[in-house]
Structures are given as structure tokens and as C-alpha cells.
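All chains are named by letter (A, B, ...) in the order of the sequence lines, taking the proteins before the strands, and each is independently numbered beginning at 1.
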Amino acid sequence: MTTATPSPSPETVLVAVAWPYANNHMHLGHVAGAYLPADIYARYHRMRGDRVLMVSGSDSHGTPVTVRAEEEGSTPEAVFQRYHQSFLATFEGMGISFDLFTSTDTENHRQVTQEIFLRLLERGYLYEAEQEQLFDAKMGRFLPDRYVEGTCPKCGFEGARGDQCDNCGSTLDAVELKNPRSRLSDSTPELRRTTHFFLKLSAFTEALQQWVETKEHWRLNVRNFTLGMLREGLKDRAITRDLTWGVPIPLEGEQYQSKRIYVWFEAVIGYLSASKEWAASPLNPSGNAEDWRAWWEGDTAKTVYFIGKDNIPFHTVIWPAMLMGFGGLNLPYDVPANQYLTMSGAKASKSRGGVVWMPDYLERYDPDPLRYLLTASAPETSDADFSWTEFLRRNNDELVARWGNLVNRVLTITRRNYDGRVPDAPATLAPESRELLERVDAAFASVGGDYDAVQLRRALNGAMEVASAANQYLDQRAPWQAVKTDRDHAAETLHVALNVISGLVTLLNPVLPFTCQQAWKLLGHEGDVQAAGWRRTPVLAGTVLPEAVPLFKKLDDAIVAEEEERLVR
RNA sequence: GGCAGGGUAGCUCAGUGGUAGAGCAGCGGACUCAUAAGCCGUUGGUCGGGGGUUCAAAUCCCCCCCCUGCUACCA
């Protein structure tokens with residue numbers, strides 16, 4: 001495998017993150033799969049001085065939101081608003097640094113969606129056709145396949161869903177089910193004819209194939225999965241539904257009043273509408289509402305989409321097809337989809353329980369230990385398992401013992417023996433001192449390349465190895481002894497160690513923004529590490545060091561049992 | 001069923017042709033600045049199974065087994 005090297009700066013980078021369904025709180029899997037990697041990637045690029053725009057928003061539409069509202073006797077707006085606020089609190093608490101986290105329930109998004117709809121219609125990529133769908137008369141709503149249950153025609157299993165039988169694995173059509181019943185009302189659905197707009201995906205198969213062939217930097221599973229879909233050929237898909245909650249169809253006519261543009265078509269447009277919303281908002285320092293074009297129209301801009309693997313087709317096939325049909329807008333540069341985070345074996349899905357909810361986590365623990373764990377064992381190449389045992393171990397053995405303790409021990413010896421100031425180093429350094437400094441400086445290229453390639457696990461490893469090397473260096477030169485016999489020798493050791501730590505603080509900052517900012521201050525630096533640039537900021541002799549405080553808390557073994565108990569409930 | 005990803009030390013995982021690796025756990029040791037952290041040494045694997053290509057395979061090819069996900073009107 002070749003070592004990744006960073007691309008030349010400054011770049012224009014759009015960090016586009018999956019739009020969460022606003023029908024429940026966020027859990028660990030969401031953060032691990034999309035939000036955290038996106039944030040790390042964005043922070044790294046900002047540190048390099050690149051022009052970064054990181055956007056996403058709540059998906060306010062879609063059946064689950066409506067269903068939840070009905071269960072509660074509430075409205076979709078109320079449900080979406082509640083979870084939208086919850087998402088914002090999670091991002092704040094975890095340090096997920098969106099430039100804008102909006103929602104699909106905005107006038108701007110409706111306009112952008114309708115503009116794309118009309119352009120695609122005008123260009124012949126949308127057409128109307130009639131189809132038969134199951135209708136729940138009691139609820140007055142057409143049913144997605146998954147909202148129909150019945151007896152499997154192949155194996156006789158009674159709990160088969162409309163799209164698939166969980167018992168025998170057969171792929172089904174909802175109309176094939178025996179004794180079908182609606183999951184919404186338990187009534188028997190009836191077949192009704194209805195007219196919808198279809199997206200002519202079939203027209204894009206070849207163009208998409210040629211485009212994906214060039215994406216050799218994509219993750220293997222993303223690329224192969226996409227090519228596999230294209231090989232089978234694309235089918236046109238209906239993009240409207242008989243609903244009243246969603247973006248209206250921008251056409252005159254009674255028949256369109258009770259229909260809405262469906263979420264899968266509309267949600268991906270959010271990346272574009274959010275970019276436009278940001279540019280026109282006070283959040284944009286330049287005040288130029290046309291600034292969104294830099295990310296969407298410039299050939300040199302990189303648009304990177306952070307999603308979970310279940311979202312791959314929408315970002316490597318459907319959205320690119322829509323963009324091709326619309327014309328003039330950048331196609332995805334990369335789609336580093338993650339695999340799933342499992343919970344000690346079970347998929348971290350909302351539907352199966354055994355989930356760690358972000359509001360609960362943030363009530364009890366700090367953000368950086370979780371950011372560390374989810375990066376160190378990120379589901380980049382295969383599903384990864386989360387366990388509280390692993391959380392505790394990573395925190396206590398790696399963050400506290402290897403990294404936090406390194407900072408703490410060096411600051412403590414230095415302050416105690418050199419009058420609270422950074423001691424001077426000789427003009428000519430010992431070979432091991434030079435080597436260690438060269439190593440941390442070289443890490444900016446290698447670790448940076450890994451961040452850029454979204455190989456975050458590897459990037460973090462690379463930085464932590466330097467921390468290990470610093471611990472070895474300290475033991476080799478034992479400044480706590482030398483300080484009694486050869487103060488210059490100890491002074492060199494501590495001066496070098498402080499500088500290595502300074503480099504590490506910058507290298508680790510994308511993953512550990514909260515504690516790295518603290519460490520930055522402990523080194524006597526001014527301002528924000530985030531603004532210091534992607535290089536080691538020297539710690540100068542004579543700098544006054546503040547009193548050292550531990551960066552991380554050691555966690556008690558008892559939390560494992562406590563948290564596992566909570567999971568089962 | 002089809003497609004995709006994965007099966008490497010007790011655990012979590014790196015490693016894509018050239019004498020099996022890391023962290024943790026276990027064992028032994030020297031040190032003591034530090035949140036009893038750090039450092040040195042060490043035990044431990046027929047790299048899912050079988051066959052093939054090669055001077056050489058965890059790494060390439062074929063077959064089989066197992067796990068996970070997707071299979072497009074949930075997104």
C-alpha cells in the first residue's frame with residue numbers, strides 16, 4: 001500500500017454529511033458512521049487553511065416522522081423540531097463542527113428542490129406513470145412495502161414484511177403476501193391505482209458507469225457495490241408519494257395537490273440547498289450569497305460525502321444521476337461510507353435495542369474519550385464492535401496512560417525544576433533528540449495524508465506511535481535523575497519533549513479538539529490550536545508554563561457493569 | 001437466491017508475494033518524573049477449510065464453510 005500524501009493547499013472542500021431522520025435521538029452508530037469522521041476530516045482541512053464548508057440538516061419528512069407523530073398524537077413538525085434540537089445539542093456536546101446544520105423544512109430547501117424537479121422534468125428525465133400500491137383505508141395512506149406484514153407465500157412464515165421474509169430470506173413484493181395487514185392500523189390494505197412522477201435512472205447507467213470507473217480512490221466496497229448495481233442496470237423510480245407532509249410538486253393541477261416529492265429524491269438535494277442557505281446567511285463572513293458556487297461549480301472543489309453503508313446507492317448512483325441531469329454541478333469526489341458499529345455483537349440500530357443514545361452518553365462522560373474510541377476502532381473496512389470494556393480500556397490505557405500522562409509528566413518535571421519556565425536547549429542536540437523532533441515533524445505529512453484519505457484509524461495510530469516514542473525517549477534520558485547531576489542534559493530532554501508534545505497536540509487536534517485545546521494552553525501557547533496551522537508550533541525557551549492539570553479522567557471499572565445494565569434495559 | 005465486505009495471537013484489529021505484527025490481557029525485570037502511569041524483556045498464532053500457481057502465499061487463482069450488510073416504494 002502506498003503512503004498517502006496530502007494534496008496541495010489551499011483546497012476548496014465540501015464536507016457533506018448524511019441527513020439524519022428526525023424521528024429519534026442520535027446514537028453511537030450515527031456518530032461513528034458519519035458525523036465524527038466528517039468532523040475530523042473538516043477540522044484537518046481547516047487547520048491546513050483550506051476553504052471548508054461542512055453542512056447537513058435534519059430530514060424532517062419521511063414516513064417514520066409521520067408515524068412517530070401519529071403514535072404520539074402530535075404533528076410531524078413537532079416531532080421533527082424536538083429531535084432537530086436534540087441533534088444540535090449532540091453536535092455541540094461532541095464538538096461536531098458544522099458550518100450549517102439546517103433541515104429540509106425550510107423555504108430555501110423547497111425552492112431548490114422544486115428548481116431541480118422542474119429542470120429534470122424539462123429535460124425529460126422525469127415522467128408520469130400509473131402504478132398500483134397498497135392503500136391503508138383506515139389511515140388514508142399508501143403504504144411502503146415495509147409497512148405491510150403478512151404470511152410469506154414461499155415459506156408460510158407469518159411475520160413476513162412486504163419487501164422481504166426474514167424467515168426464509170426471499171425478496172418479496174408486498175402484493176404477494178397472504179393475509180396482508182398494515183403495520184400502521186392492522187387493517188387489511190387494498191390495491192389502488194395512483195399516478196406518480198418517475199426519475200429516469202435508466203438513462204444514466206452508462207454515464208454513471210464511466211464516471212465510477214475513474215474513481216480508483218474510492219473505498220473498495222463502495223466502488224464494487226456501485227459497479228455491481230450499475231452492471232445489473234438501473235430501474236426508474238417513483239419520486240412522488242400520496243402524502244401531505246413534504247415538498248409540494250411545483251406544477252398547477254388538482255391532481256398534484258395531495259402529492260409530495262418523496263424523501264429519497266429530496267433529502268440528497270439538501271446538500272445543495274444547505275450550501276446555498278449558508279452562503280446567503282450571516283454565517284457567511286463574506287456576505288456574498290453566490291459563494292456556494294465555489295464548492296459546487298469549481299472544477300477543483302472536492303465534495304466528500306460522509307454516510308453509512310446503507311446510504312451508498314443514494315450517493316453514488318441516484319444523486320450523481322440527478323446532478324448529471326441537472327447539469328453544471330460537481331459530482332461527488334469521494335463517498336467514504338462506513339460500515340456499521342455493532343453493540344457487543346448486535347447492530348447498533350434503533351429498532352433492536354441495545355443502543356447508546358448520545359444525550360445519555362454526554363450526560364455522563366466527556367466527548368474526547370468517545371471521539372478517540374470511535375476513531376481508533378472506526379468501522380472503516382468492516383463492521384466494528386463497541387463495548388464499554390473497550391471504551392474503558394482505550395480511555396485508561398491509551399488516552400490517560402500513554403498520551404495524557406506524557407503531557408502531565410513532562411509539564412510537572414519541567415515546572416518543578418526550571419522555575420515554571422521552558423528551559424533552553426543546546427545549539428547542538430543529541431542524536432536521539434534530533435531524531436524525535438524529526439519524527440514528529442515528518443508525521444505532519446504522513447498523518448495528514450491519512451486524514452486526507454479518510455483513513456482516520458491509521459492517522460490516529462500514526463500520531464499515537466509518536467507519543468509512544470516520546471515516552472521511550474523520556475525513559476532513555478531520565479530527566480528526573482539528570483536534573484540532579486546534569487541540569488543541561490535534563491533541560492535538553494524537557495525542551496525537546498515539550499516541543500514534541502506541541503506537535504502532537506496539533507496532530508491529534510482533529511480527533512481530540514477539546515483536550516488538545518487544553519493542552520495547547522498548558523504549553524503556554526496563545527489562541528486556538530485549530531488556527532495554528534498544520535505544523536508543529538515551537539515551544540520557546542523562557543515560556544511560562546501554567547500549572548498542569550490532567551487532560552483525561554481515569555474511569556472506574558465499575559462503569560462497565562453499570563452501562564451494560566443500562567443497555568439491557 | 002443475487003451482490004458486497006469480512007473470517008490473522010485469549011480480546012480488538014494492522015498487514016495484499018519474500019523469514020507472521022500492534023495494543024490490551026498473561027509472565028519476568030529494572031526504574032520512580034507522572035492520573036500505580038511509563039520503560040525493557042517474554043509466553044502465545046498450522047493467518048476459516050481444501051486444492052492450485054510460484055524459487056517463495058495471510059497476500060494471486062479455484063471450490064467449500066461461517067459472520068455482517070444490501071437487495072433499490074425505510075432512507
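OP1 or OP2 of B:rA14 has at least one side-chain nitrogen or oxygen of A:Arg457 nearer than 4.0 Å. Checking the phosphate oxygens (OP1, OP2) of B:rU35, no side-chain nitrogen or oxygen of A:Arg409 falls inside 4.0 Å. A sub-4.0 Å separation between OP1 or OP2 of B:rG38 and a side-chain N or O of A:Tyr473 is absent.
With 3.5 Å as the limit, one finds no donor-acceptor pair spanning the side chains of A:Asp242 and A:Ser258. A side-chain donor from one of A:Ser60 and A:Thr104 sits under 3.5 Å from a side-chain acceptor of the other. A side-chain donor from one of A:Trp319 and A:Tyr305 sits under 3.5 Å from a side-chain acceptor of the other.
Residue A:Phe314 is classed as a base contact, given a heavy-atom separation below 4.0 Å to a base. Using a 4.0 Å heavy-atom cutoff across all strands shown, A:Gly233 reaches at least one base atom of the nucleic acid. Base engagement by A:Val400 is indicated by at least one non-hydrogen atom pair under 4.0 Å involving a base atom. If you check every strand for non-hydrogen atoms under 4.0 Å, A:Gln481 touches sugar and phosphate atoms only. Note on A:Ala384: only backbone sugar-phosphate atoms sit closer than 4.0 angstrom, heavy atoms only; bases stay farther off. Using a 4.0 Å heavy-atom cutoff across all strands shown, A:Arg231 reaches no nucleic acid atom at all. Looking at heavy-atom distances under 4.0 Å, A:Leu199 makes no contact with the nucleic acid at all. Counting any heavy atom pair closer than 4.0 Å across all strands shown, A:Asp310 reaches a base atom. Contact annotation for A:Pro550: base contact, defined as any heavy-atom pair under 4.0 Å involving a base atom. Using a 4.0 Å heavy-atom criterion, one finds that A:Glu398 contacts the sugar-phosphate atoms exclusively. Contacts of A:Lys309 with the nucleic acid, taken as non-hydrogen atoms under 4.0 Å apart, involve only primed sugar atoms and P, OP1 or OP2. No engagement by A:Ala238 is indicated, since no non-hydrogen atom pair under 4.0 Å with the nucleic acid exists. If you check every strand for non-hydrogen atoms under 4.0 Å, A:Leu201 touches nothing. A:Phe552 comes within 4.0 angstrom of a base, heavy atoms only.
Across A:Arg241, A:Gln133, A:Lys259, A:Glu130, a single residue satisfies side-chain hydrogen bond (donor to acceptor under 3.5 Å, both in side chains) together with A:Thr194, and that is A:Lys259.
For A:Ala401, counting side-chain heavy atoms from C-beta on, the closest listed nucleotide (B:rC73, B:rC70, B:rG38) is B:rG38. Residue A:Ala267 places its side chain closer to B:rA75 than to any other of B:rA75, B:rC73, B:rG23. Comparing B:rG5, B:rA72, B:rA75 against the side chain of A:Arg237 picks out B:rA72 as the nearest. Comparing atom distances between the A:Thr412 side chain and each of B:rC73, B:rA75, B:rC33 picks out B:rC33 as nearest. Side chain of A:Asn405, nearest nucleotide from B:rG5, B:rG38, B:rC33: B:rG38.
Atom CD1 of A:Ile239 is separated from atom C1' of B:rA75 by 15 Å (rounded to the nearest Å). If you take CG of A:Leu373 and C1' of B:rC13, they are 13 Å apart, rounded to a whole angstrom. A straight line from OH of A:Tyr372 to P of B:rG23 spans 12 Å, rounded to a whole angstrom. In this structure, A:Asn224 atom CG and B:rC3 atom P are separated by 12 Å, rounded to whole Å. Residue A:Asn311 contributes atom CG, which lies 16 Å from atom C1' of B:rA4 at whole-angstrom precision. Taking atom CG of residue A:Asp397 and atom P of nucleotide B:rG26, one finds them 10 Å apart after rounding to whole Å. One atom, CG of A:Leu392, and another, P of B:rA37, lie 11 Å apart when rounded to the nearest Å. Rounded to whole Å, atom P of B:rA14 lies 14 Å from atom CG of A:Leu460.
A:Val335 is not listed as a side-chain neighbour of A:Ile312, based on a closest heavy-atom distance of 4.5 Å or more.
The gap from the P atom of B:rC11 to that of B:rC31 amounts to 36 Å, rounded to the nearest Å. As rounded to the nearest Å, B:rU59 and B:rA20 have P atoms that lie 13 Å from one another. A distance of about 27 Å separates the C1' atoms of B:rA56 and B:rC13, rounded to the whole Å. Separating the P atom of B:rG49 from that of B:rC65 is a span of 15 Å, rounded to the nearest Å. With both ends at atom P, the span from B:rU8 to B:rU46 equals 12 Å, rounded to whole Å. Only the C1' atoms considered, B:rG38 is 24 Å distant from B:rG44, to the nearest whole Å. A distance of about 15 Å separates the C1' atoms of B:rC24 and B:rA14, rounded to the whole Å. Comparing the same atom, C1', in B:rA25 and in B:rG10 gives a spacing of 7 Å after rounding to whole Å.
As the counterpart of B:rG2, B:rC70 is assigned, both hydrogen-bonding distances of the Watson-Crick or G-U wobble pattern falling under 3.5 Å. B:rC27 is paired with B:rG41 under the Watson-Crick or G-U wobble criterion, all donor-acceptor distances under 3.5 Å. Across all strands shown, B:rA9 has no partner, as no Watson-Crick or G-U wobble contact with both distances under 3.5 Å is found. B:rU46 is unpaired under the Watson-Crick or G-U wobble criterion, no partner having all donor-acceptor distances under 3.5 Å.
In this structure, A:Arg68 contributes its side chain and A:Asn24 its backbone to no donor-acceptor pair below 3.5 Å.
Relative to the six-membered ring of A:Tyr418, A:Arg487 meets both conditions, a distance below 6.0 Å and an angle of at most 45° to the axis.
Comparing A:Ile413 and A:Phe265 against RNA chain B, the residue whose closest nucleotide sits nearer the 5' end is A:Ile413. Nucleotides of RNA chain B nearest to A:Asp475 and A:Glu390 differ in position, and the one nearer the 5' end is that of A:Glu390.
Taken to the nearest 0.5 Å, the CG atom of A:Leu373 stands 12.5 Å off from the OH atom of A:Tyr365.
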Next item on the list: Quick one: do A:Tyr21 and A:Trp19 satisfy ring-ring contact (aromatic ring centres under 6.0 Å, His included)? Show the steps, please.
Entry: CA-CA 7 Å; A:Tyr21 242 155; A:Trp19 289 53; over 10 Å; no
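Donor-acceptor pairing under 3.5 Å, judged by distance alone, is absent between the side chain of A:Asn408 and the base of B:rA34.
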